[in-house]
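Have a look at the structure below before the remarks.
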Amino acid sequence: MGLRFIAATLLTLAVNGVYGQHMFDYSDFRAGRFTPQNVHGIRSMADGEHYTILEGNSIVKYSYKTGEMVSVVIDFDEFLDGTVENYTFSADERRVLVTTGSQPIYRNSFTAIYHLFDIAGRTGTPITDYPVRDAAFLSPDGRRIGFIHENDLYYCDVTTGTDGVETVRITHDGEYNRVINGHTDWVYEEEFGFTKAYDISPDGRYIVYLRFDETEVPEFSISRYTGSLYPEPLTFKYPKAGEKNSVVTLHVTDLADGSTTRVDTGPETDQYIPHIGWDPEGRLYFYRLNRLQNRLELLLCRDGFNPEVIHTESDRRYIERPDETTVTFLPRDRFIIQSERSGYRHLYLHTIDKGVTDTLTRGNWEVLDLISVTGDRVYYLSNEGSSIRNNLYSVKLNGKGKNQLTDENGVWSIAPSEGFRYFISRFSNVSTPLQVRLHDARGKVLRTLEDNSQLAETLQNRRVPRKEFFRITTERGTALNCYVIKPLDFDPAKKYPVMMTQYSGPGSQSVQDRWSMDWTDVLVQEGYLVMCVDGRGTGGRGADFRKVTYRNLGGPEVEDQISAAKYIATQPYVDPDRIGIYGWSYGGFMALNCILKGNDIFKMAIAVAPVTSWRYYDTIYTEIYNGLPEDNPHGYDNNSPVNFADRLKGRLLIVHGTEDDNVHFQNAMAMADALIRAGKDFDMMIYPDDNHGMYPTGRHHVREKMIKYTLDNL
């Protein structure tokens with residue numbers, strides 16, 4: 001589901017500071033005073049002793065050991081007029097592939113002009129003179145590069161062309177809204193989170209790719225209203241719950257002779273292939289996931305390109321969407337798998353022929369990310385200290401000798417060096433904005449690369465309040481993680497209005513000990529309490545807590561938000577007649593359900609880009625949690641807010657962008673129709689030609705609108 005980060009991430013907002021004399025207002029957001037500085041484009045060099053970062057338009061090389069700059073690898077201002085957006089080194093680090101001029105398609109996809117640079121020769125050339133997708137190196141020396149153009153897979157060879165670059169077409173049947181080669185369709189991109197659907201074998205000979213036949217997938221059309229006399233339609237393939245998906249097949253092309261082999265993925269065509277890759281022995285492997293997403297199979301081609309199932313994971317409810325870290329292959333026919341077989345996500349070492357050999361982690365906590373396997377040690381992030389925090393740990397491949405490498409309370413992400421002799425961390429907590437640090441292998445901080453000291457001083461001077469964490473226990477006996485933000489001049493003898501902010505989608509976490517600011521912080525300046533509750537269905541607390549919403553989206557999690565609102569209403573410092581709720585995307589679905597089913601407690605709601613019926617949303621996301629519509633009609637209808645419009649009592653603002661390819665504008669129209677038929681008064685804000693995040697036009701305006709609406713109605 002899209003935009004899980006909306007309610008918790010820092011946004012640079014452009015809203016006039018019109019809400020009185022305060023220590024901060026939206027003018028500070030607009031000026032970037034609350035925007036943390038970061039370190040961009042971190043890449044570990046192959047020697048494990050150096051790393052590079054992107055500084056302006058230059059790749060700069062640093063020493064891990066000292067943190068000192070070693071050299072400017074290349075200054076692209078000498079070669080390019082545009083801005084370098086991303087870069088990738090060839091395996092031998094003699095060449096670099098650079099992304100410029102990207103133009104978005106959907107959430108993760110874009111076209112761009114890619115340039116290939118020879119570092120030693122200080123020469124560069126675009127690989128094509130037209131925009132392409134997903135360019136990547138296909139050979140260790142960086143002379144062969146793959147890319148996607150008009151739904152077909154190509155590669156260019158910089159050594160054979162008479163003009164320096166020869167382009168070779170691998171597939172020939174790509175066609176918009178019919179066939180895609182080497183690139184994912186809309187629903188794979190959105191829900192499995194990747195677009196590049198091809199990969200090169202370690203020896204550079206074979207290229208494996210997915211082919212998507214979209215012919216039978218229903219089409220959805222969006223109108224673009226501005227910029228032309230007649231609205232321009234955008235029609236694309238979008239499989240809604242219960243409808244036909246693309247038929248996905250797997251193919252391998254031998255670049256030596258151009259021959260192509262179709263890999264047998266089994267007789268079932270209504271399934272998913274969410275990852276392809278090569279093991280350390282150079283053998284092709286892939287995942288196979290059934291449509292209900294409760295059975296995941298790992299297949300390996302040990303005999304040519306003939307796959308065999310070497311592992312199966314099953315779950316009576318569902319298996320979390322797999323990614324490239326779900327399985328990590330090791331030498332000698334071993335692999336590590338992340339599994340919830342114990343009820344919590346943990347790491348298990350397998351061999352192909354013997355199965356499980358060691359349980360690497362265990363306990364009533366979860367592994368959040370597998371960072372690296374180096375030598376006999378596995379490095380991972382887990383929340384074993386607290387469900388709202390994480391830390392970095394390592395453990396031996398026999399499950400012994402566990403070490404904790406970070407120990408500061410907060411939220412970490414890790415970028416390791418080759419060989420894990422060093423790592424670079426990004427860290428924050430509610431009192432500490434983003435810190436970027438360089439560590440040795442034992443976790444000792446060698447240097448701070450960015451401390452955001454100026455931002456910390458600004459926060460102190462502007463008296464920005466901090467989140468306070470606590471737990472409530474509902475009438476059903478469920479303990480829920482919460483935070484509240486109070487005005488700095490909070491007086492327990494007064495009564496305050498409350499705005500509840502949440503996302504609540506399956507596996508998400510909004511209540512975390514990380515630093516963030518968003519539009520609701522301005523409400524605190526206006527004398528509101530801002531509260532957030534992670535109800536049942538959210539992440540970090542094991543499978544039973546998260547999967548309780550299975551086949552019942554909008555059931556338990558709505559109950560928990562209503563319970564939390566009733567709890568906060570009993571506090572002596574809260575005005576029980578002034579409690580509102582806000583959410584975006586899944587959070588918008590929740591906000592609607594809460595004001596309709598909790599109409600005795602919620603007096604106002606803001607629903608941005610909300611799902612209003614799960615029948616309108618895509619196959620992969622909806623069916624993993626709710627099953628197929630024909631098998632579970634009550635799960636689709638009993639909690640769809642369009643079916644409870646007659647319960648509206650309080651003030652309601654619905655916000656949507658007309659060019660939302662994710663949660664379609666159809667959802668807002670269906671909700672509006674239901675409310676009108678029920679004779680209910682409500683408010684609506686439409687953003688022409690804006691997508692799910694209110695880009696490119698309304699992202700600032702919408703937040704100004706929400707501030708004003710809250711002040712006027714709560």
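As the structure is a computational prediction, the values presented were derived from the model and not from experiment.
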May I have the step-by-step check of side-chain contact (heavy atoms from CB on, under 4.5 Å) for Q338 and V367, ending in yes or no? CA-CA 8 Å; Q338 299 187 49; V367 170; 4.3 Å; yes
Pair D600-R647, salt bridge (charged side-chain N to carboxylate O under 4.0 Å, His left out): steps then yes or no: CA-CA 10 Å; D600 58 334; R647 298 187 185 184; over 6 Å; no
Intermediate values then yes/no, side-chain contact (heavy atoms from CB on, under 4.5 Å), L523 and L714: CA-CA 11 Å; L523 294 181; L714 185 62; over 6 Å; no
Passes side chain to side chain donor-acceptor pair (under 3.5 Å), S563 versus E475? Steps please. CA-CA 7 Å; S563 293; E475 62 271 31; 3.0 Å; yes
Might you work through the side chain to side chain donor-acceptor pair (under 3.5 Å) test for N643 and S640, ending with a clear yes or no? CA-CA 6 Å; N643 296 324; S640 290; 4.6 Å; no
Take R615 and K240 through the side-chain contact (heavy atoms from CB on, under 4.5 Å) test and state the conclusion after the steps. CA-CA 7 Å; R615 295 180 181 273; K240 298 197 175 189; over 6 Å; no
Is there a side-chain contact (heavy atoms from CB on, under 4.5 Å) between I424 and V436? Walk through the geometry before answering. CA-CA 7 Å; I424 292 174; V436 185; 3.9 Å; yes
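Classification of the F469-Y483 ring pair by plane angle, with boundaries at 30° and 60°, yields perpendicular. Note on ring orientation: taking the six-membered ring where Trp is involved, the planes of Y586 and Y503 are tilted (angle from 30° to 60°). Ring geometry for Y621 versus Y625: interplanar angle over 60°, hence perpendicular rather than tilted (30 to 60°).
Salt bridge present: E190 and R107 bring a charged side-chain N and a carboxylate O closer than 4.0 Å. Of the charged side-chain nitrogens involved, none lies within less than 4.0 Å of a carboxylate oxygen, so that K467 and D513 do not count as a salt-bridged pair. Of the charged side-chain nitrogens involved, at least one lies within less than 4.0 Å of a carboxylate oxygen, so that D560 and R476 count as a salt-bridged pair. For the pair D681 and R651, the salt-bridge criterion is met [side-chain N within less than 4.0 Å of a carboxylate O]. Ion pairing between E408 and R437 holds under the 4.0 Å rule for side-chain N and carboxylate O. Under 4.0 Å is where a charged nitrogen must lie from a carboxylate oxygen, and between D534 and R546 no such pair does. Ionic pairing of R345 and E320 is not present here: no N-O contact between side-chain nitrogen and carboxylate oxygen is shorter than 4.0 angstrom.
Among residues at least two apart or in separate chains, ring-ring contact (aromatic ring centres under 6.0 Å, His included) pairs with a member in residues 542-561 are Y318-Y550.
The two residues A605 and A591 make their nearest non-hydrogen contact at CB-O, 3.8 Å. What you find for M499 and T710 is that their closest heavy atoms are CE-OG1, 3.5 Å. Of all heavy-atom pairs spanning M671 and A645, the tightest one is CE-CB, 4.0 Å. Minimum interatomic distance between E366 and R541 (heavy atoms only, all atoms of both residues): OE1-N, 4.2 Å. The two residues I624 and I319 come nearest to each other via the heavy atoms CD1-O, 3.3 Å. Of all the heavy atoms in S585 and H692, the pair that sits closest is OG-NE2, 2.9 Å.
Proximity of a side-chain donor or acceptor of Y496 to a complementary backbone N or O of D491 within less than 3.5 Å is detected. Under the 3.5 Å distance criterion, the side-chain polar atoms of E468 are left unmatched by any main-chain donor or acceptor of K486. D369 places no side-chain N or O within 3.5 Å of a backbone atom of L381 that could act as its donor or acceptor partner. Here the side chain of N452 pairs a donor or acceptor atom with the backbone of Q37 at under 3.5 angstrom. Looking at T325, its side chain never comes within 3.5 Å of a backbone N or O of L370 through a donor-acceptor pair. Listed for the R551 side chain is no donor-acceptor partner under 3.5 Å among the backbone atoms of G627. At distances below 3.5 Å, at least one donor-acceptor pair connects side-chain atoms of D690 with backbone N or O atoms of T697. Checking side-chain atoms of N667 against main-chain N and O of H664 turns up a donor-acceptor pair under 3.5 Å. When atom types are taken as modelled, the side chain of N626 and the backbone of E623 share no donor-acceptor pair closer than 3.5 angstrom.
Among residues two or more places apart in sequence or in another chain, the side-chain hydrogen bond (donor to acceptor under 3.5 Å, both in side chains) test is passed with N691 by none.
You'll find the side chain of F490 reaches within 4.5 Å of the side chain of L529, heavy atoms only. T622 has its side chain within reach of Y636: a pair of non-hydrogen atoms, C-beta onward, lies under 4.5 Å apart. Contact check for F665 versus D660: no side-chain heavy atoms found under the 4.5 Å cut-off. Y616 places none of its side-chain heavy atoms less than 4.5 Å from the side chain of V663.
Ring-centre distance between F34 and F24: below the 6.0 Å cut-off. Taking the six-membered ring for Trp and the full ring otherwise, the centers of W519 and Y582 sit less than 6.0 Å from each other.
Counting non-hydrogen atoms of other residues, nucleotides and ligands closer than 6.0 Å to CD of Q404 gives a total above 12. Within 6.0 Å of NZ on K566 lie no more than 12 heavy atoms contributed by other residues, nucleotides or ligands. No more than 12 heavy atoms of other residues, nucleotides or ligands sit less than 6.0 Å from atom NZ of K494.
For the pair K705 and Y687, the cation does not sit on the ring face, since its NZ or CZ is not both under 6.0 Å from the ring centre and inside 45° of the axis.
Of the residues N593, I601, V533, L480, the one that meets the side chain to side chain contact (heavy atoms under 4.5 Å, CB included) test with Q561 is V533. Considering Q502, M694, M590 in turn, M694 is the only one that fulfils the side chain to side chain contact (heavy atoms under 4.5 Å, CB included) rule with W584.
In this model, a donor atom of one side chain and an acceptor atom of the other lie less than 3.5 Å apart for N481 and R471. A side-chain N or O of N662 and one of Y617 form a donor-acceptor pair less than 3.5 Å apart. Judged by distance alone, the side chains of N38 and R426 do bring a donor and an acceptor atom under 3.5 Å apart.
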